[in-house]
Amino acid sequence: QVQLAESGGGLVQAGGSLRLSCAASGFAFILQRISTMGWYRQAPGKQRELVATISSGGTTNIQDSVKGRFTISRDNAKNTIYLQMNSLKPEDTAVYFCNALVSSLSETRSYWGQGTQVTVSS
């Protein structure tokens with residue numbers, strides 16, 4: 001069973017920085033392959049939204065509201081992605097979820113982490 005373990009959330013003042021990590025485990029290296037991984041966030045009373053994704057080849061897709069402030073990166077050897085968040089704003093406050101698309105011979109499945117809280121105080 002594929003599992004995603006997130007870490008790095010917390011409380012920070014506006015203008016500060018945090019780095020989130022997400023490590024994938026529990027998949028069969030021979031039979032399964034992780035393709036796109038990414039970060040999504042959900043603020044209270046709002047729908048979950050995409051923050052940034054990165055393909056296995058390193059192609060990134062970043063939401064306009066965080067461009068220039070957030071950077072997504074990936075270490076394929078460790079099956080881990082990172083989200084470096086700089087110049088944080090109170091509106092970045094949300095639960096951040098890691099997502100991974102895992103492909104086998106017959107299907108592609110989407111997996112989610114349990115989420116990590118990011119709170120930015122003004």
Side-chain angles (χ1 to χ4, degrees):
Q1 180 69 20
V2 176
Q3 293 182 326
L4 302 177
E6 300 136 329
S7 61
L11 173 65
V12 65
Q13 288 187 332
S17 298
L18 285 173
R19 189 191 194 211
L20 305 184
S21 300
C22 172
S25 62
F27 61 97
F29 292 93
I30 297 177
L31 300 178
Q32 294 177 304
R33 183 180 66 86
I34 299 178
S35 55
T36 299
M37 296 183 72
W39 291 96
Y40 293 72
R41 67 185 181 186
Q42 187 166 17
K46 295 187 177 181
Q47 290 188 333
R48 190 173 298 187
E49 63 176 3
L50 180 148
V51 177
T53 62
I54 184 166
S55 71
S56 56
T59 301
T60 61
N61 177 32
I62 301 177
Q63 184 198 110
D64 286 345
S65 67
V66 304
K67 278 183 180 178
R69 300 188 296 121
F70 291 11
T71 302
I72 188 169
S73 60
R74 179 168 178 163
D75 185 335
N76 287 328
K78 296 181 179 180
N79 296 307
T80 300
I81 61 169
Y82 307 93
L83 186 68
Q84 178 66 44
M85 304 185 293
N86 299 327
S87 302
L88 281 160
K89 304 175 181 180
E91 50 263 44
D92 295 319
T93 295
V95 178
Y96 284 70
F97 296 91
C98 177
N99 175 265
L101 297 180
V102 180
S103 299
S104 63
L105 292 176
S106 59
E107 64 179 0
T108 296
R109 287 191 176 184
S110 177
Y111 293 88
W112 292 92
Q114 80 285 355
T116 184
Q117 177 70 46
V118 171
T119 302
V120 184
S121 63
S122 57

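Treat the numbers as computed from the prediction; the structure is a model and nothing was measured.
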Worksheet, complete the sentence: Going by chain and number, the hydrophobic cluster around Y82 (ILVMFWY, side chain to side chain under 4.5 Å) further includes none
Discussion item. Any non-hydrogen side-chain atom of L20 less than 4.5 Å from a side-chain atom of V118?
Written reply: yes
Item to complete: Inspect the contact between K67 and D64 and indicate whether a charged nitrogen and a carboxylate oxygen are less than 4.0 angstrom apart.
Response: yes
Discussion item. Can you confirm whether R41 sits close enough to L83 that some side-chain heavy atom of one is under 4.5 Å from a side-chain heavy atom of the other?
Written reply: no
Practice prompt. Check whether I81 and V2 end up in the same hydrophobic cluster, where Ile, Leu, Val, Met, Phe, Trp and Tyr are linked by side-chain heavy atoms less than 4.5 Å apart.
Written response: yes
Worksheet item: Is there a side-chain contact between E6 and Y96, using heavy atoms and a 4.5 Å cut-off?
Response: no
Worksheet item: Do V12 and M85 sit in the same hydrophobic cluster, where Ile, Leu, Val, Met, Phe, Trp and Tyr count as joined when their side-chain heavy atoms come under 4.5 Å apart?
Response: yes
Practice prompt. Please report the shortest heavy-atom distance between S103 and S35, naming the atom on each side.
Written response: OG-OG, 4.3 Å
Worksheet item: Of the options V51, T53, I72, T36, which is the one that meets N61 in a side-chain contact (heavy atoms from CB on, under 4.5 Å)?
Response: T53
Worksheet entry | Q114 and L4, any side-chain heavy atoms less than 4.5 Å apart | no
Worksheet item: Is there a path from I62 to L18 through hydrophobic residues (I, L, V, M, F, W, Y) whose side chains come within less than 4.5 Å of each other?
Response: yes
Item to complete: Indicate the atoms forming the closest heavy-atom contact of S87 with D92, along with that distance.
Response: O-OD2, 4.5 Å
Worksheet item: Would you say the side chains of S56 and N76 form a donor-acceptor pair under 3.5 Å?
Response: no
Item to complete: Could you pull out all residues at least two apart from R48 that satisfy salt bridge (charged side-chain N to carboxylate O under 4.0 Å, His left out)?
Response: none
Item to complete: Scan for ring-ring contact (aromatic ring centres under 6.0 Å, His included) pairs involving residues 101-122, sequence neighbours excluded, and state none if there are none.
Response: Y40-W112
Practice prompt. State which residues pass salt bridge (charged side-chain N to carboxylate O under 4.0 Å, His left out) with K46; sequence neighbours excluded, sorted by chain then number.
Written response: none
Discussion item. Please tell me whether M37 and V102 are part of a single hydrophobic cluster in this structure, the criterion being side-chain heavy atoms less than 4.5 Å apart.
Written reply: yes
Worksheet item: Can you list every ring-ring contact (aromatic ring centres under 6.0 Å, His included) pair that touches residues 62-81, not counting sequence neighbours?
Response: none
Item to complete: Check whether L50 and V95 end up in the same hydrophobic cluster, where Ile, Leu, Val, Met, Phe, Trp and Tyr are linked by side-chain heavy atoms less than 4.5 Å apart.
Response: yes
Worksheet item: With side chains defined as the heavy atoms from C-beta onward, is the minimum distance between N79 and S25 less than 4.5 Å?
Response: no
Fill in: Whether T93 side chain and V120 backbone form a donor-acceptor pair below 3.5 Å
yes
Worksheet entry | Separation of S104 OG from R33 CZ (nearest 0.5 Å) | 11.0 Å
Discussion item. Strictly by salt bridge (Lys or Arg N to Asp or Glu O under 4.0 Å), give each pair with a member in residues 107-122 just once, sequence neighbours left out.
Written reply: E107-R109
